[in-house]
Amino acid sequence: MQTILITGATSGIGLALSQIYHKQGANLILVGRRPIEALSDPVFTPEVYCQADLAQPDCHLTIDQWLTEQAIDKIDLVIHNAGIGWVGSTEEHSPAEIVEMIQVNLKAPIAITHQLFKRLERASGKVAFVSSVVSQLPLSKFGVYVASKAALDGFARSLAVEWNGRVQVQVLHPGATNTAMHEKVGTDQAVYSKYPSAESVAQKMERSILRNNRHVAIGFGNKIMRGLSLTIPRLLDLGMRQPPSLVMHPQERNRLKPHVVITGGADGIGAAVAQRYGITGQLVTVLDIDKERGHKLIDHLGDGATFLSVDLSQPESIEQAVDQLLELPPITTLVNNAGISAAGRFEFLELDRMLKVIDINLTGAILLTTRLLAEGKLMTGHQQVYLSSLSKYVGYPGAAVYSASKDGLAAFARTMQTAALADGRTTTVFPGPTRTAHARRYSPDNSREEQRMPPEAVAEAIFKGAQAKRRLVFPGAGAKVFAVFGRLAPRLAERAMKRTIYDKL
Ligand SMILES: NC(=O)c1ccc[n+]([C@@H]2O[C@H](COP(=O)([O-])OP(=O)(O)OC[C@H]3O[C@@H](n4cnc5c(N)ncnc54)[C@H](OP(=O)(O)O)[C@@H]3O)[C@@H](O)[C@H]2O)c1
């Protein structure tokens with residue numbers, strides 16, 4: 001008899017899945033945030049129900065403790081189904097809601113997967129992540145939701161390579177379903193009542209879980225939509241683009257000096273970008289946690305350069321930086337460059353270190369951007385630049401959570417591009433290995449240091465790409481070739497990455 005753990009089991013698709021597996025006689029572990037007394041369905045009994053709020057950072061420990069108390073040391077299937085949605089313009093999304101969405105939809109599944117590894121391995125089990133068909137769509141009204149689900153896809157992609165032969169990894173992509181999620185986000189009932197029922201979607205998901213396909217779109221229409229989103233993304237971008245809105249009079253714009261803000265600008269690619277913009281005479285503001293290097297760079301850049309100290313892993317620190325930015329001229333270019341990594345085999349890496357990667361690389365960038373938009377600080381015609389990674393195309397076994405953060409960031413950038421907020425544009429950059437302290441810190445052996453691209457060359461590509469308002473920038477011929485290789489032969493690219501990185505860890 002299978003032991004199956006389902007998160008978000010108390011409603012919608014999760015409840016329907018729980019009922020299906022209950023009828024099959026599986027040993028269930030049903031995870032929900034509500035007390036059992038509030039649940040009326042007979043599937044919920046004290047023996048199977050584990051109360052854990054996935055919005056809490058220690059939710060994986062609560063689940064672990066419950067499993068230990070029940071003496072459950074093997075799990076055949078974990079279905080990461082819990083999720084929350086949100087609809088509206090991204091800048092209306094409050095910081096607390098953004099933090100909660102990334103916690104529940106992304107950080108909790110990562111943390112629970114990490115905690116349950118041994119139990120899964122003992123059973124040669126399977127982890128199924130419930131993503132969404134929208135994870136590959138540029139839907140501007142769901143920017144953070146899309147980013148959280150795209151990040152889950154990116155995480156699963158690299159984890160599947162890492163855990164190959166030990167624990168199976170699968171991603172399910174349901175489309176719009178008639179569940180309470182739509183009521184919770186305030187969608188009109190007349191709209192969501194037309195969607196397929198949770199029961200019919202759960203039945204298809206149960207059948208898909210029996211198969212070995214890594215990604216499964218649930219339902220025929222969603223298979224077509226996912227196929228289109230992967231093969232003709234540019235056409236979808238154009239089709240979904242919102243009309244631009246003007247927030248600042250063009251004449252006023254012409255009188256103002258361009259102002260570029262760069263996160264993580266004290267070192268590496270960020271510092272090279274700051275210098276590249278600096279020589280054009282633009283105002284440059286560098287945000288970084290490293291005060292010493294930051295001030296040194298500003299002294300070097302001279303008049304018109306400002307340094308602001310910020311810890312992007314802390315929402316309060318971002319808030320303080322935004323307050324300081326409000327005192328400076330309007331921003332013409334925002335470069336979301338700051339990033340850290342955590343390299344190693346997923347199950348052996350310290351969880352807190354990995355989750356900090358999400359906080360800085362993804363949540364920090366989203367919070368800063370949305371707060372600046374909400375404050376009207378990004379000028380009409382501004383450029384948002386996002387430093388993603390080539391891992392978006394080739395995967396990154398050995399840094400699965402880093403991969404997640406960079407896939408999520410690219411997806412968020414894409415939704416911002418279609419939102420066309422205040423006539424802004426986005427440029428997403430996919431650098432390959434670059435000769436910086438970042439690469440040296442996380443590489444298994446640094447044997448290819450000489451082949452890495454100098455940060456100045458990456459900065460030049462970013463500067464030119466942003467000036468030309470290019471959507472995607474692949475610095476250097478190598479990055480372009482690898483991106484094409486990854487798109488045309490994803491499994492071969494993953495294998496090459498496994499040999500080059502993971503096998504050496
Ligand atoms: N509905 C759609 O159109 C659709 C489309 C594509 C993908 N999905 C995905 O499918 C999954 C299931 O969604 P659904 O449509 O069935 O939505 P739902 O009816 O709202 O169910 C979501 C489940 O997640 C739980 N949950 C939310 N926050 C939680 C937290 N902090 N801690 C623990 N549990 C929490 C909910 O608990 P409560 O019952 O207490 O609220 C509920 O059991 C989600 O991952 C969603 O993103 C949904």
Side-chain angles (χ1 to χ4, degrees), residues 1-54 56 58-83 104 108-131 156 159-160 163 165-172 174 179 198-214 216 218 347:
M1 207 191 298
Q2 283 216 315
T3 300
I4 303 174
L5 184 148
I6 305 172
T7 68
T10 52
S11 162
I13 297 171
L15 178 58
L17 280 169
S18 306
Q19 288 161 339
I20 291 172
Y21 288 117
H22 175 70
K23 277 198 195 121
Q24 292 178 2
N27 283 327
L28 289 179
I29 303 151
L30 304 179
V31 180
R33 62 181 159 183
R34 286 183 265 160
I36 193 165
E37 301 74 42
L39 303 168
S40 55
D41 196 284
V43 289
F44 299 108
T45 61
E47 293 73 39
V48 304
Y49 187 66
C50 166
Q51 189 184 352
D53 181 355
L54 304 199
Q56 298 304 319
D58 62 354
C59 59
H60 57 293
L61 300 178
T62 309
I63 295 173
D64 182 70
Q65 192 186 340
W66 189 91
L67 293 170
T68 306
E69 282 163 13
Q70 307 284 321
I72 297 173
D73 64 353
K74 264 180 165 186
I75 301 182
D76 299 281
L77 173 63
V78 173
I79 306 177
H80 289 289
N81 163 77
V104 175
I110 291 175
I112 295 167
T113 305
H114 192 257
Q115 193 71 31
L116 298 186
F117 169 70
K118 287 225 170 70
R119 288 182 176 92
L120 280 160
E121 193 186 35
R122 276 186 212 115
S124 297
K126 179 172 196 166
V127 193
F129 294 97
V130 180
S131 174
L159 189 69
W163 282 4
R166 295 186 287 162
V167 174
Q168 261 189 57
V169 178
Q170 188 178 47
V171 189
L172 304 166
T179 68
E199 289 71 24
S200 69
V201 171
Q203 273 164 11
K204 288 185 182 131
M205 283 167 71
E206 188 266 338
R207 287 198 292 273
S208 303
I209 289 170
L210 292 175
R211 295 197 293 268
N212 288 338
N213 316 33
R214 196 183 306 158
V216 189
I218 306 299
E347 64 275 22

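Below, all heavy atoms of this structure are taken into account, side chains as well, without hydrogens, waters or symmetry copies.
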* Please assess Tyr21 against Ile79 for the test side chain to side chain contact (heavy atoms under 4.5 Å, CB included), listing each intermediate value before the final yes or no. => CA-CA 12 Å; Tyr21 288 117; Ile79 306 177; 3.7 Å; yes
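- Applying the salt bridge (Lys or Arg N to Asp or Glu O under 4.0 Å) test to Arg207 and every residue at least two apart in sequence or in another chain returns nothing.
- Within the model, atoms OG1 of Thr3 and CD of Gln70 stand 11.5 Å from one another, a figure rounded to the nearest 0.5 Å.
- The shortest heavy-atom contact between Ala9 and Ser18 is CB-OG, 3.5 Å.
- Between atom CD1 of residue Ile112 and atom OG1 of residue Thr7 there is a gap of 6.0 Å, rounded to the nearest 0.5 Å.
- Between the CD1 atom in Ile13 and the OG atom in Ser200 there is a gap of 9.0 Å [rounded to 0.5 Å].
- By the 4.5 Å heavy-atom criterion applied to side chains, Thr113 and Val78 are not counted as neighbours.
- If you take CG on Leu172 and CD on Glu206, they are separated by 11.0 Å, rounding to the nearest 0.5 Å.
- Under the salt bridge (Lys or Arg N to Asp or Glu O under 4.0 Å) criterion, Arg119 pairs with Asp64, not counting sequence neighbours.
- Closest approach of Met1 to Gly25, counting heavy atoms only: SD-O, 2.6 Å.
- Closest heavy-atom contact between Val171 and Ser131: CG1-CB, 3.5 Å.
- With hydrogens and angles disregarded, a donor-acceptor distance shorter than 3.5 Å links the side chain of Gln51 to the backbone of Arg33.
- A 6.0 Å sphere centred on NE2 of His22 holds no more than 12 heavy atoms belonging to other residues, nucleotides or ligands.
- Taking OG1 from Thr68 and CD1 from Ile63, the interatomic distance works out to 11.5 Å, rounded to the nearest 0.5 Å.
- Here Phe44 pairs with Tyr49 under the ring-ring contact (aromatic ring centres under 6.0 Å, His included) rule; sequence neighbours left out.
- The nearest pair of heavy atoms linking Phe129 to His80 is CE2-CD2, 3.3 Å.
- For the residue pair Glu199 and Gln203, no side-chain donor N or O sits within less than 3.5 Å of a side-chain acceptor on the partner.
- With hydrogens and angles disregarded, no donor-acceptor distance shorter than 3.5 Å links the side chain of Lys126 to the backbone of Gln170.
- Nearest heavy atom pair, residue Ala52 against residue Val31, reads CB-CG1, 4.0 Å.
- For the pair Thr62/Gln56, no side-chain contact is recorded, criterion being any heavy-atom separation below 4.5 Å from C-beta on.
- Smallest separation of non-hydrogen atoms from Glu47 and Trp66: O-CH2, 3.4 Å.
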* side chain to side chain contact (heavy atoms under 4.5 Å, CB included) assessment of Leu116 paired with Leu67 -> CA-CA 10 Å; Leu116 298 186; Leu67 293 170; 3.4 Å; yes
* To do: Go through the steps for Val201 and Met205 under the test side chain to side chain contact (heavy atoms under 4.5 Å, CB included), then give the verdict.
  => CA-CA 6 Å; Val201 171; Met205 283 167 71; 3.8 Å; yes
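- Between the Asn81 side chain and the Val130 main chain, no donor and acceptor come within less than 3.5 Å of each other.
- Ser208 OG to Ile218 CD1: the interatomic distance, rounded to the nearest 0.5 Å, is 3.5 Å.
- Between Gln2 and Gln24, the side chains place no donor N or O within less than 3.5 Å of an acceptor N or O (distance only, hydrogens not considered).
- Listed for the Asp76 side chain is no donor-acceptor partner under 3.5 Å among the backbone atoms of Ile4.
- At least one side-chain heavy atom of Val127 sits less than 4.5 Å from a side-chain heavy atom of Val167.
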